[in-house]
Amino acid sequence: MDPKLREAAEGIGLSSWQKLIKVEMPLAMPFIMAGIRISTVAAVGTMTIAAFAGAGGLGWFINMGLIGLNIDMVLLGAIPASVLALLIDYMLAKAENLLVPEGLKPAGQIKNDKLEKHTFQKVVVAGLCTLLVIMPLGVKGYAYIKDATQKTIVVGTSNFTEVFILGYMYEDLIEHYTDFKVERRFNLN
C-alpha cells in the first residue's frame, strides 16, 4: 500500500482499526480476492488426486479411465470437475465485484446503484460463502472429528509390486516411530 495513503488516513485522525477497515482492506480487497480465487480453483482442480489415496470422488473416474484407456470414463470425471471449478470461480468473481468498493473499480465497471441493493447483495454473498464452508463440515464434520481422535493414518498404494513394498515400509516406520495405527488400503486401482 502506498505510504502516502496511510499518512493521509493518519492525517484525518483515523484510529488503527479505522485505517484497517476503511482504507487498507478496501485497497487490498482485489488482491485478496485474486488469491482466494486462484487457490480455490487450484484446490478444486487438484481434489481429483484424492482418488489415489482411496478417497474416491471425481478423480476415481479419471484414474479408472486412465488405467483402462477409456476416454469416456476420464471425461466422466474431468468434465464435472472443470464445471465445478468454473462455477466456483464465477461465484467468487461475483463476490469480488460486490466486495471491491466502487471507487477502486475501472471506469467501465462503476455503477451508481443504491446502497441498499449492495448491502443485500453482500449479505447474500457472505451467506453463500459461509454455506460453502459449513455444508461439507455438516455432512462429514463429525466423522472428521471422530477420525482425528482415533490416531489412525491410512496408507494407500496402487497395484504395483514396488508400491506395495513402499506401503509396507511406510506402515512399519509409522507404527514404530509414532503412536499412530496404520490402516492399509493397498491395490487401489
Side-chain angles (χ1 to χ4, degrees), residues 28-99 122-189:
M29 192 56 67
F31 302 103
I32 292 170
M33 288 303 296
I36 290 172
R37 285 176 66 184
I38 290 169
S39 62
T40 304
V41 171
V44 170
T46 56
M47 75 178 176
T48 57
I49 297 173
F52 294 106
L58 295 172
W60 183 84
F61 295 110
I62 297 170
N63 191 22
M64 289 291 110
L66 290 173
I67 291 170
L69 299 175
N70 185 347
I71 191 69
D72 294 333
M73 197 130 182
V74 171
L75 293 175
L76 187 63
I79 290 174
S82 301
V83 168
L84 182 62
L86 291 171
L87 179 67
I88 289 175
D89 184 56
Y90 176 77
M91 289 172 50
L92 289 173
K94 289 294 185 186
E96 178 181 1
N97 192 26
L98 291 173
L99 294 173
K122 287 180 183 181
V123 169
V124 169
V125 167
L128 287 174
C129 291
T130 304
L131 185 66
L132 281 173
V133 171
I134 292 176
M135 194 169 71
L137 293 177
V139 174
K140 293 190 178 182
Y142 177 72
Y144 293 138
I145 294 168
K146 190 173 108 182
D147 289 345
T149 61
Q150 290 182 352
K151 292 195 168 198
T152 303
I153 293 178
V154 177
V155 175
T157 67
S158 61
N159 59 355
F160 297 105
T161 306
E162 299 86 1
V163 183
F164 278 131
I165 294 169
L166 283 173
Y168 283 115
M169 288 172 62
Y170 282 132
E171 178 186 8
D172 290 342
L173 288 170
I174 291 169
E175 286 183 344
H176 184 267
Y177 289 107
T178 66
D179 58 345
F180 288 98
K181 297 292 180 197
V182 175
E183 180 185 332
R184 285 182 284 183
R185 290 193 189 168
F186 291 0
N187 201 15
L188 290 173
N189 293 339

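Values below: all heavy atoms of this structure, side chains included; hydrogens, waters and symmetry mates excluded.
A donor-acceptor pair under 3.5 Å is formed between the side chain of Ser39 and the backbone N or O of Ile36.
Summarising the geometry, atom CD1 belonging to Ile88 is positioned 4.0 Å from atom CG belonging to Leu84; distances are rounded to the nearest 0.5 Å. Between Met91 atom CE and Thr40 atom OG1 the span is 10.5 Å, to the nearest 0.5 Å. Between atom CG of residue Leu92 and atom CE of residue Met33 there is a gap of 5.0 Å, rounded to the nearest 0.5 Å. Residue Leu75 holds its CG atom at 9.0 Å from CG of Asn70, rounded to the nearest 0.5 Å. One finds the CD1 atom of Ile153 at 5.5 Å from the OG1 atom of Thr178 (value rounded to the nearest 0.5 Å). To the nearest 0.5 Å, atoms CE (Met73) and CD1 (Ile62) are separated by 10.5 Å.
Scanning both residues, Phe180 and Thr152, for their nearest heavy atoms gives CD2-N, 4.1 Å. Closest non-hydrogen pair, Ala81 versus Thr48, comes out as CB-CG2, 4.1 Å.
For the pair Thr46/Ile49, a side-chain contact is recorded, criterion being any heavy-atom separation below 4.5 Å from C-beta on.
The residues Arg184 and Glu171 are annotated as salt-bridged, a charged nitrogen and a carboxylate oxygen being separated by less than 4.0 angstrom. Using a 4.0 Å cut-off between a side-chain N of Lys or Arg and a carboxylate O of Asp or Glu, Glu183 and Arg185 qualify as a salt bridge.
When each of Asp172, Val155, Leu173 is tested with Val182 by the rule side chain to side chain contact (heavy atoms under 4.5 Å, CB included), just one qualifies, namely Val155.
Residue-environment remark: CZ (Phe164) exceeds the threshold of 12 foreign heavy atoms within 6.0 Å.
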